[in-house]
Amino acid sequence: MALRRSLLLWYQHQGRELPWRNIDDPYAIWVSEIMLQQTQVKTVIPYYQRWLAQFPNIQTLATSDLQTVLKAWEGLGYYTRARNLYKTAQIILKDYRGIFPRELEKVVKLPGIGRTTAGGILSSAFNQPISILDGNVKRVLARLVALSDPPAKAIQFLWDVSDSLLDPDNPRDFNQGLMDLGATICTRSQPKCLLCPWLSHCQAYQQGKQNQLPMREDSSPLPHKKIGVAVIYNNAGEILIDRRPDKGLLGGLWEFPGGKIEENETVEECIKREILEEIAIDIEVGEHLITLDYAYTHFKVTLIVHLCRHVAGEPQAIECQEIRWTTLDEIDSFPFPKANSKIIEALRNNQP
DNA sequence: CACCCGTGGGT
DNA sequence: TACCCAAGGGT
């Protein structure tokens, strides 16, 4: 088929050189695939290289502890990925003698690995003829067939297209080439159609719709929460941090305690109330340290941070897993979300 | 199946 | 600024 041949030829000359290309270690390829979920290549590369140096094989990962794994993932986001990578390493060690399985039915059952990631791993590591449908492929195919619906409404159809196009003789290079095409030529905005090997096959281009496709879903505005945050010092000059529950947002990461500012409540009142409710201690809320705006996928937050002083009571882990007093020197050993890293940075700059 | 889950970069 | 969205999966 001309589509296959032209893509493979293009990939041979114009494909990207990436650290997880031209290797055959399914573990390393698996790690790359997980890190690349919803995350750009440029962001992933340094994490990938550090990760393989720290956890060179499945056994090393499986026998580490979760906090060490989360620390290595710190800043990458979607922390369930790290938890599932760790969990799956233990499953592979126990059920598959530490050898990454080659059967699709087994691979898709592993935590954190869905159909696209499984196809990515098996086609890349073992050259198995299994198709993929990631963000790049959805965009490329939506333009190729001039899809009139948003891709989310046509997932089954797009899988069928991806299946029918896949080159059974060169599945590895075909899948990788398809993703490279989406990443470098068939980009979201200003696609470089004149450089595209599929120019003459692309229905969107023929209809002059390449800048309008793929169609978008209409989205509702994100809710905005204001959070009061406490950096609490004790008489020894230590700082109180807590570890979040394993499930949910930023699961298992450490943070400075705080909570949502209610209506008709000042920031100071909120912080004092939240700390009493969550940690059962009485504090004195002092000067403002920093205010941070942060956008997550489904809401926005403003963190208003105050320096506080412990007055009375023994801290209790009521709405978290664990509480510790620590110091600015030791705090780097705990995994924190990015928003909290900026608070730590502000504390350092605030030091006398 | 609609919603949840981080962070950084582009427009 | 505000919004979109990246090598998606879990629930």
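These numbers come from a predicted model, not from an experiment. Quick note on labels: first sequence line is chain A, next is B, and so on, each numbered from 1.
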(message) Does anything in residues 15-29 of chain A come within less than 4.0 Å of DNA chain B? Heavy atoms only, and list the residues if so.
(response)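 DNA chain B contact set from residues 15-29 of chain A: none.
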(message) Any residue in residues 115-142 of chain A with a heavy atom nearer than 4.0 angstrom to DNA chain B? Just list them by number, or reply none.
(response)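 DNA chain B contact set from residues 115-142 of chain A: none.
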(message) Can you build the contact string for nucleotides 4-11 of chain B? Use B for base contact, S for sugar-phosphate-only contact, and - for no protein heavy atom under 4.0 Å.
(response) BBBBSB-S
Distance, [atom1] atom - from [M] to [N], rounded to whole angstrom:
N     : M      : atom1 : value
B:dC1 : C:dG8  : C1'   : 16 Å
B:dC4 : C:dC4  : P     : 16 Å
C:dA7 : B:dT11 : C1'   : 22 Å

(request) Could you tell me which residues satisfy side chain to side chain donor-acceptor pair (under 3.5 Å) with A:Asp293, sequence neighbours excluded, listed by chain and number? (result)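 Applying side chain to side chain donor-acceptor pair (under 3.5 Å) to A:Asp293 gives A:Thr302.
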(message) Going by side chain to side chain donor-acceptor pair (under 3.5 Å), name the residues that satisfy it together with A:Glu277, two or more places apart in sequence or in a different chain.
(response)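 With neighbours one apart ignored, the set is A:Arg273.
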(message) At less than 4.0 Å, is any side-chain N or O atom of A:Lys300 found next to OP1 or OP2 of C:dC3? Yes or no.
(response)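 So the side-chain polar atoms of A:Lys300 do come within 4.0 Å of the phosphate oxygens OP1 or OP2 of C:dC3, strictly under.
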(request) Look at A:Arg216 and C:dC5 and indicate whether a side-chain polar atom (N or O) is within less than 4.0 Å of OP1 or OP2. (result)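 For C:dC5, OP1/OP2 do have a side-chain N/O of A:Arg216 under 4.0 Å.
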(request) Fit a plane to each ring of A:Phe100 and A:Trp30, take the angle between them on a 0 to 90° scale, and name the class: parallel (under 30°), tilted (30 to 60°) or perpendicular (over 60°). (result)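 Rings of A:Phe100 and A:Trp30: tilted, as their planes differ by 30° to 60°.
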(message) Could you go through A:Lys109 and A:Asp95, starting from their C-alpha distance and side-chain angles, then the distance that decides it, and tell me whether this counts as salt bridge (charged side-chain N to carboxylate O under 4.0 Å, His left out)?
(response) CA-CA 12 Å; A:Lys109 284 179 184 167; A:Asp95 295 349; over 6 Å; no
(message) Among A:Glu319, A:Glu322, A:Glu255, exactly one meets salt bridge (Lys or Arg N to Asp or Glu O under 4.0 Å) together with A:Arg244. Which residue is that?
(response)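 For A:Arg244, the salt bridge (Lys or Arg N to Asp or Glu O under 4.0 Å) check succeeds only for A:Glu255.
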(message) Test question: given the 4.5 Å side-chain rule for I, L, V, M, F, W and Y, name all other residues clustered with A:Ile232, or answer none.
(response)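 Same cluster as A:Ile232: A:Leu240, A:Ile261, A:Val267, A:Ile271, A:Ile275, A:Ile279, A:Ile281, A:Ile283, A:Val285, A:Ile304, A:Ile323, A:Trp325.
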(message) Clusters formed by hydrophobic residues whose side-chain heavy atoms approach within less than 4.5 Å: which one holds A:Leu199, and what are its other members?
(response)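 Once heavy-atom contacts under 4.5 Å are chained together, A:Leu199 belongs with A:Leu194, A:Tyr205.
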(message) Under 4.0 Å between a side-chain nitrogen and a carboxylate oxygen: does that hold for A:Arg348 and A:Asp332?
(response)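 Looking at A:Arg348 and A:Asp332, the cut-off is met.
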(request) Considering only NZ, NE, NH1 and NH2 on the basic side and carboxylate oxygens on the acidic side, decide whether A:Glu74 and A:Lys71 come within less than 4.0 Å. (result)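 So A:Glu74 pairs with A:Lys71 through a salt bridge.
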What pairs with [X] under ring pair (Phe, Tyr, Trp, His ring centres under 6.0 Å), at least two apart in sequence or on another chain?
X        : result
A:His298 : none
A:Tyr296 : A:Tyr294, A:Phe299
A:Tyr11  : none
A:Trp51  : A:Phe55, A:Trp73

(request) Please tell me which of A:Leu222 and A:Asn84 maps to the more 5' nucleotide of DNA chain C, matching each residue to the nucleotide holding its nearest heavy atom. (result)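 Of the two residues, A:Leu222 wins.
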(request) Classify the nucleic acid contact of A:Ser32 as base, sugar-phosphate or nothing, counting any heavy atom under 4.0 Å across all strands shown. (result)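 Since no nucleic acid heavy atom lies under 4.0 Å of A:Ser32, the category is nothing.
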(request) For DNA chain C, produce a single dot-bracket line, 5' to 3'. Pairs: Watson-Crick or G-U wobble, both distances under 3.5 Å. Symbols: ( ) within strand, [ ] crossing, | other strand, . unpaired. (result) .|||||.||||
